Amino acid sequence: MNPQRLATASRLAHIDAFHVMELAKQAAELERAGRHIIHMGIGEPDFTAAEPVVRAAEAAMRRGVTQYTGALGIMPLREAIAAHYKSAYGIDVPARRVIVTAGASGALLLACAVLVEIGAEVLMPDPSYPCNRHFVAAFDGRAKMIPSGPAERFQLTAEQVEANWHAHTRGVLLASPSNPTGTSILPDELARILAAVRARRGFAIVDEIYQGLSYDAPPVSALSLDDDVVTVNSFSKYFNMTGWRLGWLVVPDALVDAFEKVAQNLFICASAVAQHAALACFTPEALAIYDERKAEFRRRRDAIVPALESLGLHVPVKPDGAFYVYADCRGVNHRAAGDSDSLTQAMLHEAGVVMVPGQDFGPYTASDYIRISYATSMANIEEAMARLRKFFA
Ligand SMILES: Cc1ncc(COP(=O)(O)O)c(C=O)c1O
């Protein structure tokens, strides 16, 4: 084998593997050996698509609507998403600006392909969803991760955006509510950030994938604050359709053609069956199911935050959305070698509970935090807390 011939592109040097995948591999090995493992690592609802959606998928397959669609998605789905913005959030979004994608991942890739100039810097908070910095790197941009702690709700502030904006900075990539912290950017702060970006003629990509899972106040979409933002969303989380690979973007009118051109080349289209099935997400029957599930996530949040606190896992900012808690583990690190990585290893091997170390989400205070996903049943949450109580004792 000639190693020169198989050399990978230099941009791979900027792309890290997921720690959580390594933990998942180890958990699978323990399960094969007969251990019972509670999974609180993965960011995936334990629910699957609602029954009306499954029926719609079956019907779509029987009708044979399984061929390519237009690159921007089928018009009835784009219209249904636009109508959902109006009914759920009171925002007018023309269907023309809605672009259906292969998940939020496809949406983020498209947005980076269209907006990230080679060598351009994109500001994002540290901690952030791990793939974000890699999406930017994939298009030869540079993610600048800005330390964001509890005082900032683990989010960027307008002040940080202004202070960190330099000649090569082209935009910001935000997520609200956020993965890994479940915290949202407060509406006034978001408005200030968007104004700062606009004043610098930059772009704002705002990932609102967890918008449907906001528990404490009606979510404020960036779309209600600025028509020029690019927002990202998905059927994966609120609609419980992770494996269907379906999401969407809302883009400024002037960019629709640019996104279409790139979408045609990168993806051709999102899954046709998933698109036809997703139409059923917006029926009253399905929305009632999803709202009940959202209420269940909220009940779990309300149970797990005090339970973690009582274990010594301090939650400095109460999560208001998504299904994650970002907990400070310094009070219990003595149980392992003193950082979140060794702690999560010990939790897995000794207590049979998977949680994710902060390292995945950026370097800033990573060894002090772990991410806990409560996308698992209340019974599993209770059992995990009982195991950890023994483990920490
Ligand atoms: C913040 C955030 N954005 C995007 C994604 C990707 O989601 P999708 O399944 O829609 O590609 C995830 C998945 O966990 C996420 O947490």
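Atoms within a ligand are numbered from 1 in the order they appear, just like the ligands themselves. Note that the structure is a prediction, hence the values are computed from the model and not measured.
Distance from atom 7 (O) of ligand 1 to its nearest protein heavy atom, with residue and atom name: I209 CD1, 3.4 Å. For atom 13 (C) of ligand 1, the closest heavy atom belonging to the protein is K237 NZ, 3.1 Å. Of the protein's non-hydrogen atoms, S105 OG, 2.5 Å is the one closest to atom 11 (O) of ligand 1.
Residue contact check: R245 has heavy atoms under 4.0 Å from atoms 8 (P), 9 (O), 11 (O) of ligand 1. Interface of S236 with ligand 1, defined as ligand atoms under 4.0 Å from a residue heavy atom, comprises 8 (P), 9 (O), 10 (O). In summary, the atoms of ligand 1 found under 4.0 Å from a heavy atom of G103, numbered by their order in the structure, are 10 (O), 11 (O). Ligand 1 places these atoms under 4.0 Å from at least one heavy atom of Y210: 1 (C), 14 (O), 15 (C), 16 (O).
Summarising the contacts of atom 2 (C) of ligand 1 with N179, N233, D207, the nearest heavy atom is found in D207.
Atom NE2 of H349 is surrounded by more than 12 heavy atoms from other residues, nucleotides or ligands within 6.0 Å. Taking a 6.0 Å sphere around CZ of R201, one finds it holds 12 or fewer heavy atoms contributed by other residues, nucleotides or ligands.
Checked against a 3.5 angstrom limit, the closest N/O atoms of A104 and ligand 1 fall inside it.
Between R97 and D92, no side-chain nitrogen of the basic residue sits less than 4.0 Å from a carboxylate oxygen of the acidic one, so the salt-bridge criterion is not met.
Looking only at atom types and distance, the side chain of Y324 has a donor-acceptor partner in the side chain of Y210 under 3.5 Å away. Side-chain atoms of E189 and T157 form no donor-acceptor pair, as typed in the model, at a separation below 3.5 Å.
The side chain to side chain contact (heavy atoms under 4.5 Å, CB included) with Y326 is formed by just one residue from the set P319, P180, P316; it is P180.
Ring-centre distance between Y129 and F361: not below the 6.0 Å cut-off.
With a 4.0 Å heavy-atom cut-off, ligand 1 is reached by no atom of E44.
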